Amino acid sequence: MVWPGVIAVLVGMVMSITGNGRIGPIDVTTVGVAVMGLGAVVLVLGLLRLARARRWPAAGGRNPVASYQDRAYRTGKGKIIAMIAAVVYIVSPIDFIPDFLLPIGIVDDATAFGWLLFAIGQEISRKRRKAL
């Protein structure tokens with residue numbers, strides 16, 4: 001659920017930044033903003049899903065240490081909150097550097113998006129490594 005959200009946010013960003021035309025009666029920028037918003041919702045739901053921990057049954061149910069070690073990797077709450085804050089920052093029209101200052105205004109959103117991709121990839125690889 002995370003990757004479709006990331007792709008939708010990226011496509012929405014590109015459409016809203018570069019879209020100057022119309023698709024029938026609808027403006028391309030409006031479609032881009034809608035796709036970006038929908039992608040943000042899917043992405044946040046996917047990030048919240050990363051935070052869930054699945055408990056595996058312990059060996060015989062006797063050893064609490066084995067029960068702790070048998071759990072799948074769980075992403076920390078702080079990292080989930082930081083990733084959700086990055087999604088909100090990307091989608092939000094309020095930025096530290098406004099987007100109308102074109103080269104610099106888009107770079108801060110792209111930096112937040114790059115960190116978000118890195119963090120998601122890192123968490124998914126950790127989760128897979130723990131599952132093996």
Side-chain angles (χ1 to χ4, degrees):
M1 240 173 115
V2 171
W3 292 117
V6 168
I7 292 169
V9 168
L10 180 64
V11 168
M13 285 171 57
V14 169
M15 287 178 71
S16 65
I17 291 170
T18 62
N20 289 331
R22 298 182 78 71
I23 301 173
I26 303 171
D27 187 31
V28 174
T29 305
T30 306
V31 172
V33 170
V35 168
M36 190 168 45
L38 180 65
V41 169
V42 170
L43 181 56
V44 167
L45 290 175
L47 290 174
L48 291 174
R49 199 169 158 222
L50 272 178
R52 288 191 320 193
R54 202 179 324 163
R55 289 185 178 247
W56 299 97
R62 294 180 299 274
N63 189 354
V65 174
S67 173
Y68 178 75
Q69 291 172 346
D70 288 340
R71 277 193 241 163
Y73 177 77
R74 181 178 170 199
T75 305
K77 288 181 185 177
K79 191 145 191 187
I80 295 293
I81 290 170
M83 287 191 277
I84 291 173
V87 171
V88 169
Y89 181 77
I90 292 167
V91 174
S92 172
I94 300 170
D95 286 339
F96 290 124
I97 303 171
D99 288 340
F100 66 83
L101 301 171
L102 276 180
I104 301 170
I106 294 175
V107 169
D108 70 332
D109 288 337
T111 303
F113 190 74
W115 177 83
L116 182 65
L117 286 178
F118 175 76
I120 289 170
Q122 186 180 39
E123 293 303 313
I124 288 176
S125 70
R126 283 182 183 168
K127 196 168 193 166
R128 282 187 185 153
R129 201 174 6 191
K130 180 65 177 174
L132 296 176

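The structure displayed is predicted, hence computed values, not measured ones.
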Exercise. If you round to the nearest 0.5 Å, how far is OH of Y89 from CG of L116?
Worked result: 13.5 Å
For this session: Look up atom CG in L43 and atom CG in L48, then write down how far apart they are to the nearest 0.5 Å.
Result: 9.5 Å
For this session: Search all heavy atoms of S16 against all heavy atoms of V33 and return the closest pair with its distance.
Result: CB-CG2, 4.1 Å
Seminar exercise, completed: Looking only at heavy atoms, the pair that brings A86 and A112 closest together is CB-O, 4.4 Å
Problem set entry | Hydrophobic cluster identity match, I26 and V11, side-chain contacts under 4.5 Å | yes
Problem set entry | Contact check, side chains of L47 and I120, non-hydrogen atoms, under 4.5 Å | yes
Problem set entry | Cluster check I124, I81: I/L/V/M/F/W/Y, side chain < 4.5 angstrom | no
Problem set entry | Taking every non-hydrogen atom, the tightest pair across V87 and A40 | CG1-CB, 3.8 Å
Problem set entry | Point-to-point distance, once rounded to the nearest 0.5 Å, from CD1 of I84 to CG of L45 | 9.0 Å
Seminar exercise, completed: Residues V31 and M15: closest non-hydrogen pair is CG1-CE, 3.4 Å
Exercise. For the atom pair CG (L10) and CD1 (I90), what is the distance rounded to the nearest 0.5 Å?
Worked result: 9.5 Å
Exercise. Would a 4.5 Å heavy-atom cut-off, applied to side chains only, mark W3 and L117 as touching?
Worked result: yes
Problem set entry | Rounded distance [0.5 Å steps], CD in Q122 versus NZ in K79 | 3.5 Å
